[in-house]
Amino acid sequence: MFKITDYAERLLQDLETPNVIILHGLGGNGESGWGADMQKYFTENSIQSIAPTFPNSSNPEYSEWKQFFEENILERITPQTIIFAHSLGGGFLQKYLSEENVKVKFSELVFVAPTIGDCGIAEISNFFTKEFNYQKIAASVENIFIYAGGNDPYITTEEFTFLAEKLSAQLILNENQEHFWGDWKLEQLPELKEKCTKTIASVLDWPEKIKAMQRNWIGKSTGAEIDFQVENSDEKIRVYTTRPDTLFGATYFVLSPEHPLVEKITTPEQNNEIAQYKVTCAQKSELERTELNKNKTGVFTGSYVINPVNNKKIPIWIADYVMMGYGTGAIMSVPAHDERDKEFAEKYNLEILEVIDGLENPFQKTGGIVKNSDFLNGLSVEEAIEKMITFLEEKKLGEKTINYKLRDWIFTRQRYWGEPIPLVFDENGKSFALDNSQLPLILPESANYEPSETGESPLSKITEWVHVSGYITDENTVIICKESEVPENKHFQNFTRETSTMPNWAGSSWYWLRYMDSKNSDEAWSHNAEKQWGPVDLYVGGAEHAVLHLLYARFWHKAFYDLGLVSTKEPFKKLVNQGLILSYAYQRKSGGLVPSDEIEEKDGKFVEISTQEPVEKIVAKMSKSLKNVVNPDDIVEAYGADTLRMYEMFMGPFEQSKAWDTTALEGMNRFLMKIWRLFSEKEISEHCPSKELIKLTHQTVKKVSEDIDNFKFNTAISQMMIWVNAFQKLDTIPKISGGKFVRLLSPFAPHLAEELWQKFAPEDETISFRSWPSYKEELLVEDEATYAVQVNGKLRGDFTIAKDASKEECIAQAKQLERVAKFIAEAENSGGQIRKEIFVPGKIVGFVVK
RNA sequence: GCCGAGAUGGCGAAAUUGGUAGACGCGCGAGACUCAAAAUCUCGUUUCCUUCGGGAAGUGUGGGUUCGAUUCCCACUCUCGGCACCA
């Protein structure tokens, strides 16, 4: 198994965008130098950042800085925050985080040449009166980095090393660098710039939907675990609850049927019934258990627990709506404020006691005031949770707990096709990793891929592969070899190999790293290749990967990050989900679906051929049973791959599901034929096109280029259609314009574009080696503007005027428009007058007449 | 139930720092070419009214802000996708 649960918190945290705080040093400020550069860089890349300036930074007073920090900065620190702290800013933070009553938690702390001690500078001696609490600093933050120069005049390399060791921080030392001066530019500090770049690269530009699915899958909740004493017994039962504030309202207790204490606490009278119920539950399939979730069942054990806050006796039941796999497998039931508990309590006639007041819906999880609860009465739910946890922790009855739905990952498969696992077992069953020199471990050849009758992996039947000999190295790894090759001081012995293979997820959890260095025969990937290429800039795939592949991939990548094998915390920068292509299907009034080949169209309506019953045209997933599957091979055969590609791009927004429509596809084929005729029937000339057409060509280059960046292929194609419609009116095609167009077309319709390019550059092997066309912004500037004229917000006409016409000119011109004058006159006749004149340069002239 | 996305002509859609709603395409209608058809080209195509100048309404529903709302705010309806006895 893989212990993915250890990464649950980080897999959750890193879905959120970080915010950055940059602290300057002695005599510095937040408005200039590399701190300000850094802030700008982050902001440009949609990361919130601040670079505040401390008061009296040249003559600093710790208490003053502390006050400023707490008033202006503290509230911005979240678990996602990254703090860059330069020089004295770093010294300040060491001191501040060491203070006993300071409680902050954040993600990353990047020290940049931090002061250690007072560096012999009198002005800052008040910052360094005592030894810092390094343990506390390290506990406040997940990762600490120290960037430093080997020739720093204030702090020695030994001191940096000391700090790195104390904080378990990563020290990035540039031997030739001295102090990182605050007024330097970010460009002068390449290591730091790279750190920023990597931070930006690690921010997930993912659809909210996928992030939400991952959050949901990880399923974090906070609450408390509470021990309940079983009456007349030494046993305690521990429950997990997110609502410790409702402890006084707990009126019964439920264990999962698989809970280990069930047998022990069941009374003799209840024994039969409990045993029977357990058998019933064990026989229920997964499906039955979910299907039956509306009809709860359970059995009383005969025993009671004591509620630790009021010593009330609470009956213990078992029920299969409580699962062993989550929390502690036992719950305290508060039927007044939990829907499931209420349903169960009503069915079995158990007590229901309200403890929260003032709720519209008794099951809502926030708001409300606690009642019937002794020392919690009158508190809000949030306050009561806090107070109850403190109470439980003080009395040693329980503690605050975090729970995740995410489970550990069973990684072994008993089948042939999978990567074999490089582990061997000695004769006592102790496991060893194969030595690096033995890798990669290759799947043995076999004629038999079927699993064995015992359910063991097919590999277990290849005995000559399973049973091997070798020795254990000093690193506790195993080298397989002949007896003669064993070094003198080592013991030759027998091993058996692990015969399970890895799941399909194994390869998909790291393949992108291999892609970065696919020819490397010494290692899976080199650090340099990863640094150069990683992380993956853009990952296009289906939303069905939201919680398996994409979560596993993130998990592996984080494990690699911890091992220092990759330089970013996240593998995929931007994720885009393409929409599904759906298809039309036909539905009877009764709801049944009819295959499309049993449908005919009559007067624009659709009827079932056999019965003539009208049916409705709907959009549905392609499936064999609906006979609405479109086979791309048939489309390529009939129209060509270019038509298919372009039609799919033109159908609508990339991320949206869209219905296939073969008649619309023919329109795309028509467009491509039109392009073909345009360039083959008309001569390509050296004529200079008109000013308008030059402008159109440049507009088209701009629009198509930008739309590609934004995945807006549909509107890029619209623009190309506009271009073609305009140029087909000409007798000859100007070479420059046509050449630009064909290059724009090439990623959309590569076959056609390649063919057409021969007319422009027959010497070229392929159009792909040509550069992307460029456009000139100055050619796009209009010299005339068309103004829409509104009276009281309604469009009443328009006029065209020179681009640089003044407000006064435009308003005068607008007033002369017949319809405008008419409406103004009408309003004035009924007692109104012009109250306001609106002028939006280049767009609108408006009059408000009242 | 919870989470996420969406709703614009006959159809796929376009337009958001608030500024001429419907670009582009499909379909449909008319015309040109043709003996004829296909292909191609041209024109028209949100709805209603019209004295043919125009006028009114209109982006799921109901409110609000604004000179002006597909765009911003509040409430709601429906559709699609995901999760679901998680305490």
Side-chain angles (χ1 to χ4, degrees), chain A residues 207-213 215-217 219-221 223 239-243 246 254 256 289-290 292-296 319-323 325-334 337-341 343-344 363 403-406 543-544 546-547 577 579-580 582 584 604 617 619 647 650-653 655-668 670-671 673-674 677 681 712 714-722 724-725 728-729 786-798 818-819 822 834-850:
Chain A
E208 186 49 40
K209 178 187 168 172
I210 303 292
K211 291 200 277 187
M213 280 165 80
R215 279 184 209 113
N216 191 274
W217 191 263
K220 181 180 182 175
S221 70
V239 299
Y240 171 69
T241 178
T242 54
R243 295 294 302 276
T246 60
V254 187
S256 158
R289 247 174 122 147
T290 27
L292 291 172
N293 74 30
K294 290 283 167 318
N295 187 12
K296 294 190 173 38
D320 68 355
Y321 82 90
V322 173
M323 290 164 301
Y326 183 78
T328 60
I331 61 164
M332 62 174 216
S333 290
V334 185
H337 303 291
D338 184 280
E339 241 173 320
R340 296 151 306 172
D341 292 348
E343 194 192 320
F344 192 83
F363 306 128
N403 242 304
Y404 301 92
K405 289 187 212 170
L406 187 70
E544 68 273 18
V547 283
N577 296 130
L580 286 178
L582 306 173
Y584 290 111
K617 192 177 180 183
V619 171
Y647 171 61
F650 189 62
M651 284 172 90
E655 282 156 273
Q656 187 176 301
S657 295
K658 292 149 288 208
W660 183 272
D661 181 359
T662 301
T663 56
L665 171 98
E666 280 167 20
M668 186 51 67
R670 221 176 285 163
F671 175 57
M673 297 299 280
K674 203 171 180 178
R677 284 196 309 273
E681 288 174 6
K712 291 168 76 174
N714 53 337
T715 50
I717 291 171
S718 296
Q719 184 64 34
M720 289 194 274
M721 287 172 167
I722 292 168
V724 170
N725 288 342
Q728 73 166 1
K729 295 193 172 78
T786 299
Y787 280 85
V789 185
Q790 295 179 340
V791 180
N792 290 339
K794 292 202 180 202
L795 181 69
R796 297 301 177 193
D798 57 41
E818 199 185 317
R819 284 163 60 206
K822 192 176 98 187
I834 296 178
R835 304 273 174 193
K836 197 174 174 186
E837 292 172 342
I838 293 139
F839 178 71
V840 182
K843 281 183 178 163
I844 293 277
V845 175
F847 301 99
V848 182
V849 194
K850 271 185 190 163

- Partners of A:Glu655 by side chain to side chain donor-acceptor pair (under 3.5 Å), sequence neighbours excluded?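 Partners of A:Glu655 under the side chain to side chain donor-acceptor pair (under 3.5 Å) test: none.
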- If you check every side-chain atom of A:Asp798, which of B:C85, B:A23, B:U20 has the closest atom?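 It is B:U20.
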- Task: Check RNA chain B against residues 834-844 of chain A and give the residues with a non-hydrogen atom under 4.0 Å, in numerical order.
- Result: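 A:Lys836, A:Ile838, A:Val840, A:Lys843, A:Ile844 - these, ordered by number, are the residues of the stretch whose heavy atoms sit under 4.0 Å from the strand.
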- Task: Would you please enumerate the stems RNA chain B participates in, each stem being three or more consecutive Watson-Crick or G-U wobble pairs with both distances under 3.5 Å?
- Result: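 Result, WC/G-U stems under 3.5 Å: B:1-7 with B:77-83, B:10-12 with B:24-26, B:27-32 with B:40-45, B:46-49 with B:54-57, B:60-64 with B:72-76.
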- How far, in whole Å, is B:G22 from B:G9 if one measures between their C1' atoms?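 Between the two C1' atoms, the distance is 7 Å.
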Table of protein N/O atoms under 3.5 Å from nucleotides 56-60 of chain B N/O atoms:
{"from": "B:A56", "atom 1": "OP2", "to": "A:Arg796", "atom 2": "NH1", "distance (Å)": "3.1"}
{"from": "B:A57", "atom 1": "OP2", "to": "A:Lys794", "atom 2": "NZ", "distance (Å)": "2.8"}

Using the side-chain contact (heavy atoms from CB on, under 4.5 Å) criterion, which residues pair with [X]? Sequence neighbours excluded.
X        : value
A:Lys658 : A:Ile581, A:Met651
A:Met213 : A:Lys209, A:Ala546, A:Val547
A:Lys843 : A:Val840

- Query: Can you name the salt bridge (Lys or Arg N to Asp or Glu O under 4.0 Å) partners of A:Arg215, sequence neighbours left out?
  - Reply: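 For A:Arg215, the residues satisfying salt bridge (Lys or Arg N to Asp or Glu O under 4.0 Å) (neighbours in sequence not counted) are A:Glu16, A:Glu208.
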- Message: Walk along nucleotides 38-51 of chain B from 5' to 3' and tag each nucleotide B, S or - by protein heavy-atom contact under 4.0 Å, base first, then sugar-phosphate.
- Response: --SSS---------
- Footprint string (nucleotides 1-12 of chain B, 5' to 3'): B base within contact, S backbone only, - free, heavy atoms under 4.0 Å: --SS-------B
Could you list all N or O pairs between the protein and nucleotides 29-34 of chain B that sit under 3.5 Å apart?
none

- Item | ring-ring contact (aromatic ring centres under 6.0 Å, His included) partners for A:Phe839, two or more places apart |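 With neighbours one apart ignored, the set is A:Tyr787.
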